[in-house]
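Each ligand, and each atom within it, is numbered from 1 in the order the structure gives. No experiment lies behind these values; they were computed from the predicted model shown.
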Amino acid sequence: MAKMETKTSLLDNMIGVGDMVLLEPLNEDTFINNLKKRFDHSEIYTYIGSVVISLNPYRSLPIYSPEKVEEYRNRNFYELSPHIFALSDEAYRSLRDQDKDQCILITGESGAGKTEASKLVMSYVAAVCGKGAEVNQVKEQLLQSNPVLEAFGNAKTVRNDNSSRFGKYMDIEFDFKGDPLGGVISNYLLEKSRVVKQPRGERNFHIFYQILSGGSEDLLCRLKLERDFSRYNYLGLDSARVNGVDDAANFRTVRNAMQIVGFMDHETQSVFEVVAAVLKLGNIEFKPESRVNGLDESKIKDKNELKEICELTGIDQSVLERAFSFRTVEAKQEKVSTTLNVAQAYYARDALAKNLYSRLFSWLVTRINESIKAQTKVRKKVMGVLDIYGFEIFEDGENSFEQFIINYCNEKLQQIFIELTLKEEQEEYIREGIEWTHIEYFNNAIICDLIENNQTGILAMLDEECLRPGTVTDDTFLEKLNQICATHQHFESRMSKCSRFLNDTSLPHCCFRIQHYAGKVMYQVEGFVDKNNDLLYRDLSQAMWKANHSLIKDLFPEGNPAKINLKRPPTAGSQFKASVATLMKNLQTKNPNYIRCIKPNDKKAAHIFNDALVCHQVRYLGLLENVRVRRAGYAFRQPYEPCLERYKMLCKQTWPHWRGPARDGVKVLFNDLEIPEEEYSFGRSKIFIRNPRTLFKLEDLRKQRLEDLATLIQKIYRGWKCRTHFLLMKKSQIVIASWYRRYAQQKKYQKIKSSAIVVQSYIRGWKARKLLRELKHQKRCNKAVTTIAAYWHGTQARRELKRLKEEARRKHAVAVIWAYWLGLKVRREYRKFFRANAGKKISEFILQKIIQKYFLEMKTKMPSLSPVDKNWPARPYLFLDSTHNELKRIFHLWRCKKYRDQFTDQQKLVYEEKLEASELFKDKKALYPASVGQPFQGAYLEISKNPKYKKLKDAVDEKIIIAEVVNKINRANGKATSRIFLLTNSNVLLADQKSGNIKSEVPLGDVTKVSMSSQNDGFFAVHLKEGSGAAGKGDFLFSSDHLIEMATKLYRTTLSQTKQKLNIEISDEFLVQFRQDKVCVKFIQGNQRNGNVPTCKRKNNRLLEVAVP
Ligand SMILES: Nc1ncnc2c1ncn2[C@@H]1O[C@H](COP(=O)(O)OP(=O)(O)O)[C@@H](O)[C@H]1O
Ligand SMILES: [Mg+2]
């Protein structure tokens, strides 16, 4: 989406004033009220010139989204409402485009949102700077260093659940394109006293709780830890768990972050071992043991914990144990060992724990730096982010060495702020060519001097005290202060020589008070010397160095006896002073950007604005000072172009367009508005306005004018809108009218057209009918003429025909009459020459003559006398047809008679039998035709002549009609056996062929039926009467070569003897009675298997099958 070309300004829709410089009148009340008003409207950011004041909202606001990042990206600082992104963008762009190293200084008290602000700045820069895999990895490592440092360096305090207990300065390095290359982190003064003791309601560093809650069983076992917090003396019990903080989940985040940053597994493991060792150190307890010399010596109560620590860290147990009981002091090359009492032993233990932990922390920072440092040697641009503890004042006067140090640091920051701001202001005036006017402001250099002066400074004196031989206590230190600083304007104490404050009973004896730039702070002198000394007995550091644990060894290099150094290590105060000095030097080379964080309430609650608390912070942050410094010269400045753009509507010459340089335009404008000349100055590129009142006057005028202009624009727009609307309506009306007219005309035309068509059609109809009438009339006339003509011609023709017919009739009549006349004449003439009835006689004669001729011709044409001759001559005349056929029939009968007359009696008998056979079998049995030519012989066997059959012949006394050998079919299996078949006048006999013995004898009367097939076989069955003597074995089935003859003779004999006709059944399937069974004899045709001989087979007890070829 193209960025909208809208010129916006900080001044648009402003709640209160967005820039405190514009506050009028300027005092504490108006300042606080302005902050409050904006805070109530969720405007947590307010500017003082280019400084951003940030109020902690204690709730997430929707103002850090990627859309917001885009909104603030590449916009001018004053273009949009105040935001931390605007500052980040300004810093990043001047780093990238103008090659100026930047630092972002974030200050404010604990819980004011410094750390959050630093993260917001880093995330904004990460979002807008270059992209790409390599760049992203760098970004990721830079961002992930935060969780690691927070785990080890942050703790829950009463003010902040995630309070940073160390100061942090991070340099982010970029290449010429503005892509991040890497970074360097510096840490300042970890609050290490927290390791051994925490104030009420506060916790130790997060990491202890995180390991115990989130470490796996395996890890805890390796570290010899137990999950229960209450097991460890160093973990304050009353607030071990924090609402909304998931230690276990955070532990996972930390491990993950360590991995991303580049910690090796063994390094992580070593770090956790050291943390575990610190935790366990707290559990070592001591008891007094009396010695001979009457002094108490401390002894470890329970050595178990000590043993585990030594196992964990690889320290020789006896060495460590001894280090807790003895202290070796070296003086003049002489070693003196003194015993420690219980209190000293505890002091030694805690000192070891604090040192171990704080050195571990410094090691972590170094290790992270190793990972994130830029890999290239190219020139780098640097953006430093300083997140340092703000001014700290405990109202109950519990301010100690730490607060003193912290406040010193803030004092230094304030100084650099004043220096840089004023320097910048001055530089701008010079750049713009404006006369430099002296600016009145409070310079806190004097306070810095009070603290850091090398001879008379408080820190110097503290060091001096610490190094001084003899008894040194906090009180002697205070005494010294009282001597040296008594006259200092910003130092107060009860005991000061000049007893100015002796009456001030609010100041206890053991305290001193410094009037910092941000307010008075009372410090308790107790512990100053100890904390500054930061003493760790040499025996302990040597014991540590001897550890078989590379990390712990590295942490205590001074324990190496080879490098033994009798010089005392630098004190905490001087160390800090040195590092602050380096930091200041570093910052001075950079362009500063300030974020001043303010905490609106003590309850960590949203929507609560505690006026007193804010007022306090405003005071010690020196914000009013800040505004005053900023306003010392000119309150407001703006380049000419945007200024002219914003106010050009206030003057006729510049509105709507000014042609010419913007500077002249502004001049004309300001003259026209009659703004007093002392109120503004013209720089080279900017207009400087001395008093905010002038700006607000301009703004008011602009607002008024904008309203007028809006009315004007509205008026013109409304006029334009109405006009265009009217024109549009007019145009539309014309279009509608034209369309309507067209439509009306079309309709009218259609109506006229249809009427014309109606009239036309009527006329045409009338015309057509008239024409039709005429045509019809004409046609009728024509038809009438034709009809008349036809009738006329018809009449004519009929008349002619009649005439012709008359004439023909007349002619015919003439001819008939003539013929009759002639006939009559001839008959009259010839009657005398003819006899009567001669015609009949002549015809009879002719007929007789024809018949005579026919018979005579027949005589010569007669056929032979053979009865089988079929010849007969053809008939000569049709009328003789019946005669001719009759003659043929008579002739045939006659010649048959002639043929029969030649037969003997014997022959006659044979023919009778043949005739009988013909009647019985002709056209019924296929075997018959073959039998016609065979003569019936009857006795084929000469019984009387064969002596073999003498007995048979003797048994039969009657005449033998048939003697023949037949095949008797076995009833059971269909096999054939030869038998002699004899037929006499009264019996049928069956005899054995060889012996001639009679097998069966059946009287003819018992034979009821003979059955045979219609086919060409010789099988036949002889059915016997049921119950007769012969029928015991059932019916006979025979086969014979002379079946026709035998059946005929059986029939004839039966008829002549019993006067009954023997039943002959011809069928291809008949039943026979075999003993009790009725068996079906079935003839099947077409079986060629046994050649031409029919075969007989008993299939089952119901069927006997005869296969006929
Ligand atoms: N801009 C912010 N928006 C929302 N919450 C914030 C913001 N700044 C701070 N906080 C809240 O205040 C708490 C304290 O902030 P922190 O930055 O840790 O304070 P400091 O570092 O100044 O001690 C944070 O944990 C967070 O809950
Ligand atoms: Mg913090």
Side-chain angles (χ1 to χ4, degrees), residues 35 38-39 41-46 52-65 68-69 72 81-88 104-124 145-170 185-191 194 202-203 205-206 242-247 250 253 361 385-393 402-403 406 409-410 413 594-610 613-614 616-617 620-621:
L35 280 183
R38 290 178 64 75
F39 181 75
H41 286 85
S42 298
E43 288 282 352
I44 61 164
Y45 297 112
T46 309
V52 175
I53 303 174
S54 156
L55 279 151
N56 187 347
Y58 283 121
R59 68 196 157 105
S60 63
L61 292 175
I63 54 171
Y64 307 114
S65 58
K68 274 278 168 191
V69 171
Y72 278 89
S81 58
H83 200 293
I84 192 165
F85 286 171
L87 177 126
S88 316
I104 290 160
L105 307 181
I106 307 168
T107 53
E109 78 179 62
S110 181
K114 298 182 294 296
T115 308
E116 290 297 322
S118 76
K119 287 193 234 170
L120 285 170
V121 171
M122 278 168 67
S123 65
Y124 180 85
S145 66
N146 270 332
V148 182
L149 290 181
E150 285 192 6
F152 287 86
N154 286 22
K156 185 226 155 166
T157 67
V158 276
R159 295 138 196 263
N160 184 351
D161 289 345
N162 182 31
S163 177
S164 327
R165 306 317 298 166
F166 65 105
K168 177 180 154 195
Y169 174 75
M170 180 168 184
I185 298 172
S186 318
N187 62 315
Y188 298 99
L189 200 74
L190 179 75
E191 186 200 39
R194 182 169 296 272
E202 300 196 353
R203 290 209 312 183
F205 293 100
H206 292 325
V242 184
N243 276 350
V245 175
D246 181 352
D247 285 315
N250 287 344
T253 316
F361 186 72
V385 181
L386 180 69
D387 168 17
I388 203 150
Y389 17 62
F391 223 89
E392 250 176 36
I393 313 173
E402 285 87 357
Q403 280 68 43
I406 288 171
C409 176
N410 279 276
L413 284 173
Y594 290 94
I595 300 168
R596 323 226 83 180
C597 298
I598 290 181
K599 188 159 91 169
N601 61 68
D602 263 337
K603 303 190 173 68
K604 305 175 195 169
H607 301 295
I608 300 178
F609 189 92
N610 182 335
L613 188 75
V614 175
H616 177 68
Q617 293 172 78
Y620 77 64
L621 284 176

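With hydrogens and angles ignored, the 3.5 Å screen pairs a side-chain donor or acceptor of K114 with a backbone N or O of E109. Between the N250 side chain and the V245 main chain, no donor and acceptor come within less than 3.5 Å of each other. Here the side chain of D387 pairs no donor or acceptor atom with the backbone of S118 at under 3.5 angstrom. In this structure a side-chain-to-backbone donor-acceptor pair under 3.5 Å is missing from K156 to R203. Under a 3.5 Å cut-off, the side chain of R38 and the backbone N or O of Y45 do form a donor-acceptor pair.
Remark: minimum distance from atom 21 (O) of ligand 1 to any protein heavy atom is reached at T115 OG1, 2.6 Å. Given atom 1 (N) of ligand 1, the protein heavy atom at minimum distance is Y64 OH, 3.0 Å. The single protein non-hydrogen atom nearest to atom 17 (O) of ligand 1 is E116 N, 2.8 Å, given as residue, atom name and distance.
In this structure, G111 counts as a contact residue of ligand 1, since one of its heavy atoms falls inside 4.0 Å of the ligand. Under the 4.0 angstrom criterion for non-hydrogen atoms, R159 is not in contact with ligand 1. Remark: distances from the non-hydrogen atoms of G108 to ligand 1 are all 4.0 Å or more. In this structure, A112 is part of the shell of residues with a heavy atom less than 4.0 angstrom from ligand 1. Taking a 4.0 Å cut-off on heavy atoms, L61 fails to register as neighbouring ligand 1.
Checked by atom type, the side-chain pair S42/R59 shows a donor-acceptor distance below 3.5 Å.
When the options N160, I63, L120 are ranked by their closest heavy atom to atom 14 (C) of ligand 1, first place goes to N160. Of the listed options S110, S164, P57, G113, P57 places a heavy atom closest to atom 2 (C) of ligand 1.
Between F361 and F166, the ring-plane angle classifies as perpendicular under the 30° and 60° cut-offs. Classification of the Y64-H83 ring pair by plane angle, with boundaries at 30° and 60°, yields perpendicular.
Interface of N56 with ligand 1, defined as ligand atoms under 4.0 Å from a residue heavy atom, comprises 5 (N), 6 (C), 7 (C), 8 (N), 9 (C), 10 (N), 11 (C), 12 (O), 13 (C), 14 (C). Remark: ligand 1 atoms within the under-4.0 Å shell around heavy atoms of Y58 are 12 (O). Less than 4.0 angstrom separates some heavy atom of R59 from each of these atoms of ligand 1: 3 (N), 4 (C), 5 (N). Counting the atoms of ligand 1 from 1 in the order shown, those under 4.0 Å from a heavy atom of E109 are 22 (O).
Proximity of K604 to ligand 1, defined as any heavy-atom pair under 4.0 Å, is not found for any part of the residue. Under 4.0 Å from ligand 1, the heavy atoms of N162 that appear belong solely to its backbone.
The Mg ion (ligand 2) does not have S110 among its coordinating residues (no N/O/S atom, backbone or side chain, under 2.8 Å). In summary, an N, O or S atom of S164 is located under 2.8 Å from the Mg ion (ligand 2).
Two residues are said to be in side-chain contact when any heavy atoms from C-beta on lie closer than 4.5 Å; F39 and P600 meet this criterion.
Salt bridge status for R194 with E402: absent, with no side-chain N to carboxylate O gap under 4.0 Å.
There is no protein heavy atom closer than 4.0 angstrom to atom 27 (O) of ligand 1.
With K168 as the fixed residue, the side-chain contact (heavy atoms from CB on, under 4.5 Å) test singles out one of I388, T115, N187, N146: N146.
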Checking N162 against N154 for the side chain to side chain donor-acceptor pair (under 3.5 Å) test, could you report, in this order, the C-alpha distance in whole Å, the side-chain angles of both residues, the deciding distance, and whether it holds? CA-CA 6 Å; N162 182 31; N154 286 22; 2.9 Å; yes
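At under 3.5 Å, not a single nitrogen or oxygen of S163, backbone or side chain, sits near a nitrogen or oxygen of ligand 1.
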